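Worksheet: the structure to be examined is printed underneath.
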Amino acid sequence: MIAHPILMAIGMADLFGLGLILSAGWIAGDILLHWNSDGRDRRQIALEARSERGGAEARWGAGLFAFSTLLLVIAVTRILPELIPGAMCGTGVFQAMQGAGFRAFALRFITLLLLFLWHLLDRLNRTSRRGPLTETSARGLLIALPGAVLGIFDTFKAVSLLDLERPVDCCAALYDRFGNGNSLPFWENIPDAFWMGGFMVTGILLIAAGVWSFLRPGRKSAALLAIFSLIWPFAAAGALVQVLSAYHYQVLSHSCPWCLFLPEHWRVGFFLFGALLGGMAAGPAALLSIIVGQRYPAIREPARIMSRRASAWAVLLSILFIIGASFPALLWRLRHGVWIGG
Amino acid sequence: MSGGIFCRDLELVRRGSSGQERTIFTDVNADFPAGNITLITGPAGSGKSSLLYILAGLIRPTRGEVLDGEEAVSRWLTPHRDLWRKGVGIVFQHFQLFAELTAEKNVMIPLLPKKWPYRRIRNRANEALERLSAGHLSQMPVHFLSGGERQRVAVARALAADPAILLADEPTAHQDPEGMKIVMDVFAEARDRARVVVIAAHDPRIAGIADRYYRFIDGRLLHDRGPESQG
Amino acid sequence: MFYWALRDILRRPVRHLLMIFALAGLMIAAAAPLLFTGALSAGAEALLSDAPSIVIRRADPVGWQPIPIEPGIKAAESIVGVIRVRARRWGVIDGPKNPLVVIGDKGLSDNHASSLPDAFSSDLPSNSDFQSADFRDFSERFPLTPETAPLTHETVSLSWVRAGQLLNLPLGTATDLGIDVYYPQEVEAVCRELSDAFPWPVQMLTHQEILSLFKRRASMMGSAALFSLIPALIGMILMVMAVLQQQAANVRETGLLKALGWTARDILRLSFLRMLLVIVPAILLGAAGIAAVFYGPAPFRSLGAPLGLFFGWHGALSALPFDAQVAGSAFAAAGTFILLPYIGASLWSAVRASAAEPGAFIEGGGAG
């Protein structure tokens with residue numbers, strides 16, 4: 001266990017955030033069991049008041065959770081590598097966290113995506129005076145809740161595994177994967193051309209679907225956008241880490257996503273992975289807005305506006321990612337006339 | 001502009017710290033149309049102030065709803081009720097002024113969230129004070145003022161934002177005949193401008209000005225015929 | 001709205017001033033261990049920038065042994081890829097006040113007189129087996145960058161022979177050998193060959209391993225020093241409780257503002273402005289305090305004397321070499337740790353107001 005103010009800040013934000021989300025989750029459970037929007041009885045009126053309190057708690061809890069996740073990314077990429085012997089970037093930190101770190105990150109980002117979609121429902125709900133989405137939004141919160149609990153639990157576990165006495169070998173973690181051809185994960189065997197092809201094709205389709213969904217918001221266009229915005233980040237991240245990272249690092253091959261967060265690489269990782277996650281969230285947001293807008297006439301117009309806005313964000317973020325990720329490669333090609341690796 | 005506020009099957013139950021429940025009133029059905037002054041009377045503790053709080057959207061009833069026109073405002077989500085409440089002016093029984101602030105600053109408070117220039121806010125506050133003949137008190141901290149003067153500052157504060165609904169709890173309790181006339185003129189003026197005016201009071205002097213009357217008896221709000229029935 | 005927030009702050013000036021000082025003080029206390037750790041790490045990096053690629057020491061089952069210079073150099077030079085071999089004499093001796101790192105310098109004559117580092121200016125024991133005149137300030141002959149100061153302030157140089165005498169090194173032996181290699185990437189391979197080339201058992205440390213050791217030690221010291229944060233943590237909890245108590249007292253005002261037409265967003269904005277009026281001066285004061293206590297001239301550094309209670313130094317602190325990245329990240333981490341709970345507590349009343357019934361806050365919610 002390492003005592004560092006930023007880890008303490010993460011712990012505090014997580015604990016407060018979890019407390020608020022759990023309290024809101026309790027109310028959400030009550031809403032699912034007893035909500036009756038047509039009723040004027042005591043229970044319903046009391047539940048309406050509590051639902052608002054629950055919504056406010058969940059909003060602040062989700063905000064704290066997002067903030068602590070950002071702090072965790074900063075800690076893993078900038079602060080902990082300085083403290084853990086042998087760690088040069090997040091790869092070494094993850095090695096020191098022994099698996100719990102990866103689980104914590106995965107759970108946190110899935111939960112953030114779910115909380116973002118919940119937040120969207122909550123915002124749409126609040127555009128209408130009577131909150132027609134209260135039940136749906138309560139359901140959304142309850143779906144995100146287990147991820148928040150497990151993500152925070154795994155974060156605590158991962159941080160408690162950090163040890164200043166036990167050195168790690170950052171590069172070994174990266175290159176040992178190549179030691180034995182049989183144990184390579186399947187993505188290491190995929191040729192670069194496939195990564196780049198997948199990245200470009202899905203990227204173009206995503207942008208096209210986004211433009212379509214922006215111009216003519218509807219179920220079909222938004223569904224297509226949602227599908228591509230969930231597929232594209234994997235192709236894009238693969239292309240970035242397996243192929244394009246070489247141009248950022250200016251070496252033949254170094255498939256490390258975490259080194260992109262280092263100052264010597266302009267901390268471009270924050271921008272690139274931020275754009276990727278934002279784009280990933282925007283597609284489902286566009287679809288969700290359209291679906292609930294069609295189901296609840298009271299929020300149709302704000303839902304349509306929100307769907308268009310989400311489509312625009314999906315297009316903008318994917319274009320920004322493409323530019324940011326491929327710019328060093330294009331620059332290299334212009335300067336040297338060849339690609340790295342021929 | 002409000003077409004009037006209407007109570008449907010309102011009930012208010014208060015829960016004490018020991019968990020004990022007390023029904024303040026139940027099955028309240030009442031109409032408060034625009035362009036009328038409605039007077040609510042009843043013994044102390046009968047629920048007059050609580051009803052005003054519910055009409056102002058400051059507390060929720062435990063059952064039933066308050067309608068503004070056809071909209072059940074008492075059940076709106078907070079952000080919408082907050083916006084709706086901007087159209088409500090309320091005079092509290094115990095004034096609820098900021099004691100260390102001047103009268104002018106107190107009257108400015110409802111206007112501060114409006115993105116008006118400071119001068120405009122100040123002018124509007126002073127106009128409201130003038131209407132209550134309290135312009136000369138403008139720069140006095142309210143803790144220096146008498147009960148009657150404070151009450152007039154509180155009325156000026158309720159009027160400053162030109163609300164569509166004006167609710168007043170014992171607004172003349174500390175007024176001498178002259179002050180009483182000033183305050184009543186202001187309410188009459190609001191009625192003439194098609195505002196909803198609801199007054200909860202014991203003061204028999206108010207009865208003459210009201211158009212509609214309600215009386216709380218044993219936790220129920222009954223329609224009343226006015227001064228002749230009380231006489 | 002801003003003036004309203006300012007008015008609120010000025011209504012209780014002493015309380016808010018104390019809050020600003022408390023926040024700034026806690027930030028300084030929380031940043032201290034991080035600054036020390038950062039300074040030690042940066043110092044190690046600067047100090048080792050010209051260090052040999054490999055350091056070889058002779059070891060037997062008893063422990064370290066002096067390494068014979070001539071056969072050692074010959075054995076090392078026989079390996080392809082080795083470009084330079086240096087014999088080094090250094091070690092730790094008991095100084096008059098503290099243990100000292102002594103370095104043998106071939107460029108110094110045995111009988112020179114020179115200025116002495118602070119550590120030797122007084123209190124030399126009469127029966128000492130070394131003479132004050134032996135010592136030279138390390139920085140006189142070895143130009144060192146300021147970043148190395150946290151690591152070299154108790155390091156002195158003396159003549160090669162005197163160093164050998166003080167460190168009990170027999171004639172013709174050294175403490176270790178420093179080896180430079182042509183390709184730094186080949187260090188691992190050269191190490192394997194070197195271990196077979198010597199007639200005695202040896203232990204080797206590469207440049208990277210030494211740097212890691214330094215950083216690890218710095219991290220461990222920093223981590224231990226972070227226990228000093230416990231008082232800061234208690235202080236922070238007390239402060240948060242005070243803020244929450246103050247918010248509870250202000251709850252009537254919050255309810256009243258809502259009753260008078262303020263929205264939850266307006267109240268949040270007011271709370272935010274009020275909070276900014278406290279934390280911005282606190283951040284500025286904290287930054288100024290850190291600059292003065294850790295990097296400023298001596299009179300300012302003496303302001304940090306109370307921190308010595310936690311970190312175990314006496315009097316004014318030696319100035320730390322300024323590194324913008326170390327200072328910035330320490331300040332940001334300490335600021336986040338200290339300010340986050342304060343911000344949370346300050347905005348809590350606004351969070352409550354956003355969903356609560358304002359009437360509940362005012363005269364019992366219309367009891368009549």
Side-chain angles (χ1 to χ4, degrees), chain B residues 12 14 22 24 42-60 77-90 92-98 100-101 105-115 118 154 157-158 160-161 163 167 169-170 200 202 216, chain C residues 1-16 246-277 347-368:
Chain B
L12 182 65
R14 287 200 183 279
R22 179 186 161 214
I24 308 292
S46 60
K48 299 186 299 292
S49 300
S50 298
L51 181 60
L52 285 192
Y53 270 57
I54 289 175
L55 294 180
L58 301 183
I59 53 173
R60 286 175 201 251
L77 295 180
T78 300
H80 298 280
R81 275 202 302 152
D82 283 354
L83 291 175
W84 175 80
R85 208 182 291 114
K86 283 179 181 288
V88 178
I90 184 165
F92 293 97
Q93 186 177 9
H94 301 297
F95 319 142
Q96 301 295 344
L97 296 167
F98 290 89
E100 75 283 7
L101 294 186
K105 293 244 164 31
N106 266 287
V107 179
M108 284 166 70
I109 291 172
L111 305 170
L112 285 173
K114 294 181 189 288
K115 289 181 177 105
Y118 186 76
R157 185 178 66 180
L167 309 169
D169 196 355
E170 306 286 3
H202 279 110
F216 266 113
Chain C
M1 193 74 86
F2 177 79
Y3 293 112
W4 194 259
L6 190 63
R7 178 201 71 91
D8 274 359
I9 297 295
L10 294 178
R11 232 168 24 161
R12 296 182 191 90
V14 178
R15 175 186 286 193
H16 286 108
Q246 191 183 333
Q247 302 286 347
N250 285 348
V251 87
R252 172 194 160 259
E253 184 175 316
T254 307
L256 195 53
L257 290 175
K258 257 195 130 179
L260 295 175
W262 287 44
T263 62
R265 186 172 288 208
D266 293 328
I267 289 169
L268 184 65
R269 223 165 65 196
L270 178 71
S271 301
F272 188 74
L273 284 171
R274 262 195 309 227
M275 181 201 76
L276 278 186
L277 285 170
L347 297 181
W348 183 241
S349 69
V351 177
R352 282 184 65 198
S354 66
E357 302 298 313
F361 301 147
I362 313 165
E363 55 183 45

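As a basis for the values below, the full set of heavy atoms in this structure was taken, side chains included, without hydrogen atoms, waters or symmetry mates. It should be emphasised that the depicted structure is a prediction, and the values quoted were computed from it without experimental measurement. Chain letters run A, B, ... following the sequence lines, proteins first and then strands; every chain starts at 1.
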### Query
Of all residues at least two apart in sequence or in a different chain, which pass the side-chain hydrogen bond (donor to acceptor under 3.5 Å, both in side chains) check with C/R7?
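In terms of side-chain hydrogen bond (donor to acceptor under 3.5 Å, both in side chains), with neighbours along the sequence ignored, C/R7 is linked to B/E100.
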
Item to complete: Give a yes or no on this: more than 12 heavy atoms of other residues, nucleotides or ligands lie within 6.0 Å of atom CZ of B/F98.
Response: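 For B/F98, atom CZ is crowded (more than 12 foreign heavy atoms under 6.0 Å).
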
For C/R11, look at atom CZ and say whether over 12 heavy atoms of other residues, nucleotides or ligands are found less than 6.0 Å away.
->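 Yes, the 6.0 Å shell around CZ holds more than 12 heavy atoms from other groups.
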
Looking at B/P113, B/P110, B/A200, which one has more heavy-atom pairs under 4.5 Å with chain C than the rest?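 It is B/P113.
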
task: Using non-hydrogen atoms and a 4.5 Å limit, figure out which bit of B/L101 sits close to chain C: side chain, backbone, both or neither.
output: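 Just the side chain, heavy atoms under 4.5 Å.
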
- Task: Tell me, for B/L167 versus chain C, whether the close heavy atoms (under 4.5 Å) come from the side chain, the backbone, both or neither.
- Result: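 For B/L167, neither part sits under 4.5 Å from chain C.
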
To the nearest 0.5 Å, tell me how far C/D266 CG sits from B/K114 NZ.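 Those atoms lie 10.5 Å apart.
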
Part of C/L270 lying under 4.5 Å from any heavy atom of chain B:
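Neither part, no heavy atoms under 4.5 Å.
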
Flag side-chain contact, heavy atom, 4.5 Å: C/K258 against B/T78: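 Yes - at least one pair of side-chain heavy atoms lies under 4.5 Å apart.
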
Looking only at heavy atoms, which two atoms of [X] and [Y] are closest? And how far apart?
X: C/G359; Y: B/I59; result: CA-CG2, 3.8 Å
X: B/F92; Y: C/A259; result: CZ-CB, 3.8 Å
X: C/T263; Y: B/L83; result: CG2-CD2, 4.0 Å
X: B/Q96; Y: C/L256; result: O-CD2, 3.1 Å

